[in-house]
Each structure stands twice: as C-alpha cells, then as structure tokens.
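Reckoned from all heavy atoms, side chains included, excluding hydrogens, waters and symmetry mates. Positions are given from 1 along the sequence. Keep in mind the model is a prediction, meaning the values are calculated, not measured.
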Amino acid sequence: MGTESLPKQRPYWHVDAKWITGLLLVVMLSLTFLVYNLIQITAEEPAVRTTSMALALVFSRNGLDDPTEIEEFRQRLRASPDGAVAPIPGLAITVREADIANLSPREARLHLFRRLATPLYRDGPQGLADLAEDPETKQVLSAGVGPLSLFSLQTHQALRRVFGVLVAISLGLVLLLVFFSYRFGRLGSPGCVFFAASLPGAVFLTFLSLASGSQDIPAPPGEGAELTDMVGYLAANLLPPLVQEMSRTYLLLLGFGFGLMVLAILGSIIWRLARRG
C-alpha cells in the first residue's frame with residue numbers, strides 16, 4: 001500500500017491544544033451563560049416586576065390578597081375632592097380611583113408599588129429621592145433600598161458590557177476549538193463544550209424550580225416578625241419566577257449542545273457508511 005493512501009495524521013500538539021482550549025471554553029461559557037441570565041432578569045420589565053413585588057410584600061404584612069387596606073384606600077379616594085390621593089406620605093406620587101378600578105387587592109398593590117419601582121430602576125436611589133417632598137425623606141431615600149438597587153438600569157448596562165467581552169473571548173476560543181478539531185469533531189467538540197458548560201446550571205436551577213413549585217407559599221409574617229422570617233417569605237415569593245426563567249435558558253443551551261453532538265455522531269456514521277459503500 002502506498003503512503004498516499006494512509007490517512008493524514010494530526011500533530012500530537014493539536015490534541016493537547018484542543019483539550020486546553022475546550023477546558024478554557026467551558027469556563028468562559030459558564031460565565032457567559034450566567035451573565036446572560038442576569039441580563040435577562042435585570043431588563044426593565046422583569047426587574048420592575050420583581051421590585052414591585054418585593055416592595056408590596058414588605059409593606060403588606062397581612063399578605064397581598066388582604067382587602068382591608070385597599071378598601072380603606074378606595075374610601076379615601078372617594079372622599080377626596082379631586083379624586084386623587086398620595087398613597088405614601090412624603091412622596092410626590094398620586095393615584096386616582098380610575099387607576100385601581102376593577103383591580104384585585106394584589107393587582108392594586110402591585111400597581112401602586114410599580115410607581116416606585118420604575119423610577120428606582122431607571123435612576124437608582126436618586127430616582128426615589130427626586131420624588132421626596134421634604135429634605136429628610138430625600139436623604140433617607142438617597143441611601144438606597146438595599147439589594148433591590150441591583151435591579152436597576154445601571155446594573156443591566158454594566159452586565160451587557162461584561163457580556164460583550166465574554167462573548168468575544170468565547171467566540172475566539174470556539175474558533176480555536178474548531179481549528180484544532182477534526183472532521184465531524186468540529187461540530188461535536190463545540191457541542192460537548194456547550195453541554196458541559198450548561199449542564200450544572202440546568203440541573204441546579206431545574207431542581208430549585210421543582211422544589212419551589214412543590215412547596216406551599218408561607219403565610220405573611222405579620223407585624224413584629226423577625227428578619228429571618230421576612231427573608232424566607234420574600235425568597236419564597238420572588239425566587240420561583242426568576243429561577244424558572246433562568247432554568248429555561250440553561251435547558252435551551254443544554255439542548256443546543258446535545259443537538260450538535262448528535263449531528264456530529266450521525267454525520268460521522270453516515271460518512272463512514274458512504275466510504276464503505
């Protein structure tokens with residue numbers, strides 16, 4: 001048999017470079033996927049929705065569905081000469097009866113606190129401080145609202161900048177991995193990396209989603225509750241929708257990686273059968 005019929009051998013250093021590139025890519029893609037999910041939940045609509053829910057939970061110690069406070073507020077609206085009432089003393093926010101007409105107590109609460117969550121998202125603590133009508137309230141609000149300040153436009157934009165850098169690095173590593181791979185490995189190798197990078201997040205978040213969905217929402221802690229009870233109450237109400245959103249993204253990425261691996265295996269099998277035929 002002539003030497004021209006022998007299959008072309010790849011240099012050994014290609015194999016080592018492929019493994020090193022693959023491991024680096026797994027790390028970079030893991031970070032990229034995480035940052036992408038954080039970008040999704042800090043976009044304006046989901047972030048404002050989360051902040052509105054958090055504020056409503058904190059200030060509704062009898063639960064979001066309790067009608068007592070909302071009925072009292074509706075009575076104040078009916079008694080108001082101009083049909084408008086400031087729901088939070090010291091803040092330049094007014095609500096009219098038509099704004100919460102035909103809304104359930106939960107929907108009315110979320111509507112009211114959305115009026116706070118929107119400026120908080122767009123302008124940070126200063127957005128709330130601008131609504132204050134006296135210097136003391138303005139100073140208190142300028143200090144921020146703790147972890148809720150992370151659900152802001154500023155955070156979202158910073159994450160997008162980080163995401164751009166991570167995507168550029170990951171794309172460069174993908175091209176290197178394809179270069180160091182061979183034949184249908186140029187499909188299979190990126191597929192394995194995508195699968196490995198998304199598997200931990202998909203398993204962890206799917207487990208959290210199933211666990212949170214199988215548990216009952218705890219009762220409102222009420223007045224005088226301890227901090228740990230309030231934290232648990234907030235987590236039980238706020239985390240499930242965020243976890244479900246992130247788990248869907250990881251499952252899609254997991255399926256994408258698995259699909260590339262299947263295509264590579266099928267392509268290799270078909271190619272071998274075609275050569276033998």
Evaluate the side-chain proximity of [Y] to [X]: yes if any heavy-atom separation is below 4.5 Å, no if none is.
| X | Y | value |
| --- | --- | --- |
| Met28 | Leu166 | yes |
| Thr68 | Asn62 | no |
| Val167 | Thr32 | yes |
| Pro119 | Asp130 | no |
| Leu77 | Ile100 | yes |
| Leu38 | Ile41 | yes |
| Val95 | Phe73 | yes |
| Asp66 | Arg109 | yes |

Between [X] and [Y], is there shared hydrophobic-cluster membership here, with clusters defined by ILVMFWY side-chain heavy atoms closer than 4.5 Å?
| X | Y | result |
| --- | --- | --- |
| Val26 | Ile20 | yes |
| Leu251 | Phe207 | no |
| Leu199 | Leu34 | no |
| Leu29 | Leu187 | yes |
| Val243 | Phe33 | yes |

Which pair of heavy atoms, one from [X] and one from [Y], lies closest together, and at what distance?
| X | Y | result |
| --- | --- | --- |
| Ser181 | Ser189 | OG-OG, 3.1 Å |
| Pro87 | Ile93 | CD-O, 3.2 Å |
| Leu238 | Met53 | CD2-CG, 3.3 Å |
| Ala43 | His156 | N-ND1, 3.6 Å |
| Gly185 | Pro190 | O-CD, 3.7 Å |

Checking the side chain of [X] only, and the main-chain atoms of [Y] only, is there a donor and an acceptor separated by less than 3.5 Å?
| X | Y | value |
| --- | --- | --- |
| Ser268 | Ala264 | no |
| Thr155 | Leu150 | yes |
| Ser60 | Gly63 | no |
| Ser80 | Ala84 | yes |

Aromatic ring proximity, centroids under 6.0 angstrom, Phe151 and Tyr121: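 Here the rings of Phe151 and Tyr121 have centres that are no less than 6.0 Å from each other.
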Distance in Å, [X] [atom1] paired with [Y] [atom2], rounded so as to fall on 0.5 Å steps:
| X | Y | atom1 | atom2 | answer |
| --- | --- | --- | --- | --- |
| Thr51 | Leu110 | OG1 | CG | 11.5 Å |
| Trp271 | Arg276 | CH2 | CZ | 10.5 Å |
| Phe163 | Asn37 | CZ | CG | 10.0 Å |
| Ser209 | Glu245 | OG | CD | 11.0 Å |
| Asp99 | Leu112 | CG | CG | 8.5 Å |
| Leu208 | Phe204 | CG | CZ | 4.0 Å |

Candidate pair Leu116 and Leu55, rule side chain to side chain contact (heavy atoms under 4.5 Å, CB included), full reasoning: CA-CA 9 Å; Leu116 294 178; Leu55 292 172; 4.1 Å; yes
Worked verdict on Arg114 versus Glu45 for salt bridge (charged side-chain N to carboxylate O under 4.0 Å, His left out): CA-CA 11 Å; Arg114 190 181 183 90; Glu45 180 53 35; 2.8 Å; yes
Glu97/Arg74 ion pair, N-O < 4.0 Å: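 Salt bridge flag = no for Arg74 with Glu97.
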More than 12 heavy atoms of other groups within 6.0 Å of Glu71 CD: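 Enclosed: over 12 neighbouring heavy atoms sit under 6.0 Å from CD of Glu71.
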Heavy-atom neighbours of Phe184 CZ exceed 12 at 6.0 Å: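 Enclosed.
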Residues forming a side-chain hydrogen bond (donor to acceptor under 3.5 Å, both in side chains) with Thr118, sequence neighbours excluded: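 Thr118: no side-chain hydrogen bond (donor to acceptor under 3.5 Å, both in side chains) contacts found.
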Whether Phe113 and Phe59 hold their rings parallel, tilted or perpendicular, with breakpoints at 30° and 60°: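 The arrangement is parallel - the two ring planes meet at less than 30°.
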Ser170 and Leu25: CA distance, side-chain angles, deciding distance, side chain to side chain contact (heavy atoms under 4.5 Å, CB included) verdict: CA-CA 6 Å; Ser170 298; Leu25 186 55; 4.2 Å; yes
Glu44 and Leu153: CA distance, side-chain angles, deciding distance, side chain to side chain contact (heavy atoms under 4.5 Å, CB included) verdict: CA-CA 7 Å; Glu44 181 164 354; Leu153 179 60; over 6 Å; no
